[in-house]
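Below is one structure, written out as structure tokens; the observations come after it.
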Amino acid sequence: MRNLISLADIPDRTFKPRRFGLTMVMDKGLSLREAQDMISASGELVDIVKFGFGTSYVAQNLTDKIKLYQEAGCKVYLGGTLFEAYLIRGMVKEYKEFCLKNGIDTVEISDGS
């Protein structure tokens, strides 16, 4: 990435896959096109994408968005709200199966809902 603005004492950004200095962004219900635009504009800076607030349950093209992010070198995980919805219904096995089927190897376990 090339910066057009010059600032002193800014460290060089490492390249993916990074081991430190990770950047996480939330997908709060982006359309597939908006997700593509985000990756086009700043994908090289993004390491992790979280589908927040249970939006993955209502998202159209969820599988396509997961694949898009993964192909851009981003880890993907479904936020804790969705995990809680599965947990409270006794469906943790189904949650795990969905994650594995979609190549999701990171999960958020929460107790906020």
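Model, not experiment: these values are computed from the prediction.
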Flag if over 12 foreign heavy atoms under 6.0 Å of NZ, Lys16
yes
Test item: Gln70 side-chain N/O and Asn102 main-chain N/O as donor-acceptor pair under 3.5 Å
yes
Across all chains, not counting sequence neighbours, the salt bridge (charged side-chain N to carboxylate O under 4.0 Å, His left out) partners of Arg89 are none
Arg18 side-chain N/O to Thr23 backbone N/O, donor-acceptor pair under 3.5 Å:
no
Go through the steps to decide whether Lys75 and Asp105 satisfy the test salt bridge (charged side-chain N to carboxylate O under 4.0 Å, His left out), and finish with yes or no.
CA-CA 8 Å; Lys75 280 190 163 285; Asp105 64 358; 2.8 Å; yes
Linked, directly or transitively: Leu100 and Val92 (ILVMFWY side chains, under 4.5 Å)
no
Go through the steps to decide whether Ser31 and Gln60 satisfy the test side-chain hydrogen bond (donor to acceptor under 3.5 Å, both in side chains), and finish with yes or no.
CA-CA 7 Å; Ser31 68; Gln60 295 181 356; over 6 Å; no
State whether the side chain of Glu94 and the backbone N or O of Tyr86 hold a donor-acceptor pair below 3.5 Å, judged by distance alone.
no
Donor-acceptor contact below 3.5 Å, side chain Lys65 vs main chain Ser56:
no
Which atom pair, heavy atoms only, marks the closest approach of Ala35 to Tyr69?
CB-OH, 3.2 Å
To the nearest 0.5 Å, what is the distance between CD1 (Ile39) and CG (Leu30)?
10.0 Å
Looking at Met38, is its backbone amide N or carbonyl O close enough to the side chain of Ser42 to form a donor-acceptor pair, meaning the two atoms are under 3.5 Å apart?
yes
Please answer: with hydrophobic residues joined when any side-chain heavy atoms are less than 4.5 Å apart, are Val76 and Val58 in the same cluster?
yes
Remaining members of hydrophobic cluster (4.5 Å side-chain criterion), Leu22
Met24, Met26, Ile48, Phe53, Tyr77
